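All values reported here derive from a predicted model rather than from experimental measurement. Sequence lines set the chain letters: A, B, ... in the order given, protein chains first and strands last, and positions in each chain run from 1.
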Amino acid sequence: MRLTMRLPPDFAFQTAVCSHGFFVLAPNRWDPTRQALQTVVALDDVQAVVVDVRASRDGAKLNVVADSARAETADASRAAIRHAVRRMLRLDEDLSPFHRMCRRVPGHRAAARCRFGRLLRGASLFEDIVKVICTCNVTWRQTVRMVANLVDTFGVPCAGEPGQRGFPTPQRLAGISAAELRRRCSLGYRGDYIAELADRVAGGELNLDVLADATRPTDTLARELRQIRGVGDYAAAHLCMLLGRYERLAVDTEMVRFVEQRTGRRPSPAALRRMYNHWHPYEFLAYWWELWTGYTDRHGPSHEWTVAGVGRRITQ
DNA sequence: TTCCAGGGGTAGA
DNA sequence: TCTACCCATGGA
């Protein structure tokens, strides 16, 4: 099955895929030689499909190739794949106001030139929440392993492709005990949080569509995200970013270290907010550009260092 | 063996 | 609102 998707004029494919660590988290994979994003999209709770995404030569559209889609439900499969790709690459977002701000700041002009800002996310908000929980208080390498374990063990299978699975849906994880998630996926105490989240979403108690509603205030969204067990200030801010709200800084050890290295002083969360408040409402993107471009300058393209992880070890 | 990682929950003040 | 303590896991 082949699809084409028209791209917005300020879109850059590699920048969108490789500017955030999610491109190395299962079921995603980046092929630097072919400049292709390979992923697995769950069509429902029981069947997934391998998807290969590349930009056209002129950069005007995406060419999407999907294997194994069921012929009898081709229209539904097509819609599910389009929806997933559109969400992952944020094709509906308009970042031109952020790029206008960048053009006025010498250190950020390159961000506008390379159309930085569409940071890759998951095919669903459930996937994003689980992945963010898996980043908390572990090395990035462990995050990569935990997510791979979740997908390999409980992911949505592909017909005819036994080694390929899509990210597990809430329904697939619901009813699996926290102890089993811990044991089979090395999630540690995060297994409790993920088991509870899956049960609440699958049971209808927690409606993630409400959280994804772009018309609601960011403060309300952040407060509701904090109600999810396992989601604190850092995770809520990061999830706000993944939902297209960039005004909250996700303060973690990485950000504190980054600013401490530049200023020589350990910043408080309030000081960090003051440093970036002139970028409102794009505080997170301004910070992320500085962090990411700094790593890329020192260590080369992100696909060469992202699996091993950003942070202390690579910067030493 | 000890420390710590892209923190979070809970209790107590 | 702040602090102290605990929470699994695995690499250095």
task = Please report, rounded to the nearest Å, how far the C1' atom of dA5(B) is from the CE atom of M255(A).
result = 18 Å
ask   = Using the ring of each side chain (for Trp, its six-membered ring), is W288(A) parallel, tilted or perpendicular to H20(A), with breaks at 30° and 60°?
value = tilted
query = Is any side-chain nitrogen or oxygen of T135(A) closer than 4.0 Å to OP1 or OP2 of dG7(B)?
reply = no
query = Which part of the nucleic acid, if any, lies within contact of A235(A), taking any heavy atom under 4.0 Å across all strands shown: a base, the sugar-phosphate backbone alone, or nothing?
reply = sugar-phosphate
query = Which value, in whole Å, describes the distance between the P atoms of nucleotides dC6(C) and dG6(B)?
reply = 23 Å
ask   = Considering only the P atoms, how many Å lie between dA8(C) and dA11(B), rounded to the nearest integer?
value = 16 Å
request  = Establish, with yes or no, whether the OP1 or OP2 oxygen of dA5(B) is under 4.0 angstrom from a side-chain nitrogen or oxygen of T143(A).
outcome  = no
message = By a 5.5 angstrom centroid cut-off and a 30 degree plane limit, is there stacking between Y234(A) and dG6(B)?
response = no
Interatomic distance, R183(A) CZ vs dT9(C) C1' [rounded to whole Å] = 16 Å
message = For R184(A), is there an ion pair with D152(A) - N to carboxylate O distance below 4.0 angstrom?
response = no
request  = Please report, rounded to the nearest Å, how far the P atom of dG8(B) is from the CZ atom of R229(A).
outcome  = 13 Å
query = What orientation do W305(A) and W292(A) show, parallel under 30°, tilted 30 to 60°, or perpendicular over 60°?
reply = tilted
request  = Could you check whether R190(A) gets within reach of a base, just the sugar-phosphate, or nothing at all, counting any heavy atom under 4.0 Å?
outcome  = base
note = From CD of E254(A) across to P of dC4(B) the rounded distance in Å is 16 Å
message = I want to verify a distance call: between dG7(B), dG6(B), dT10(B), whose nearest atom is closest to the C136(A) side chain?
response = dG7(B)
task = Among T143(A), V147(A), N149(A), find the residue that satisfies the side chain to side chain contact (heavy atoms under 4.5 Å, CB included) test when tested with R145(A).
result = N149(A)
Output a table of donor-acceptor pairs, distance under 3.5 Å, between side-chain atoms of residues 95-106 of chain A and any protein atom two or more places apart or on a different chain; print 'none' if there are none.
unit_1, atom_1, unit_2, atom_2, d
S96(A), OG, D94(A), OD1, 2.6
S96(A), OG, D94(A), OD2, 3.3
H99(A), NE2, F116(A), O, 2.7

remark   = Whole-Å distance, R184(A) CZ to dT9(C) C1', equals 18 Å
request  = Under 4.0 Å between any heavy atoms, over every strand shown, what does I228(A) touch: base, sugar-phosphate, or nothing? Just pick one.
outcome  = sugar-phosphate
message = Is there a side chain to side chain contact (heavy atoms under 4.5 Å, CB included) between W30(A) and S302(A)? Walk through the geometry before answering.
response = CA-CA 10 Å; W30(A) 173 251; S302(A) 58; over 6 Å; no
ask   = Does the side chain of R141(A) get closer than 4.0 angstrom to OP1 or OP2 of dG6(B) through an N or O atom?
value = no
task = Give V231(A) one of three labels, base, sugar-phosphate or nothing, depending on what nucleic acid heavy atoms sit under 4.0 Å from its own.
result = sugar-phosphate
task = Write down the distance between CG (N137(A)) and C1' (dC5(C)), rounded to a whole number of angstrom.
result = 13 Å
note = When rounded to whole Å, the CZ to P distance for the pair R257(A) and dC4(B) reads 11 Å
query = Rounded to whole angstrom units, what separation is found between the CE atom of M146(A) and the P atom of dG7(B)?
reply = 12 Å
task = Indicate, yes or no, whether a donor-acceptor pair under 3.5 Å links the base of dG7(B) to the side chain of Y189(A).
result = yes
key: Per R226(A) side chain, nearest of listed nucleotides dA5(B), dG6(B), dG9(B)   = dG9(B)
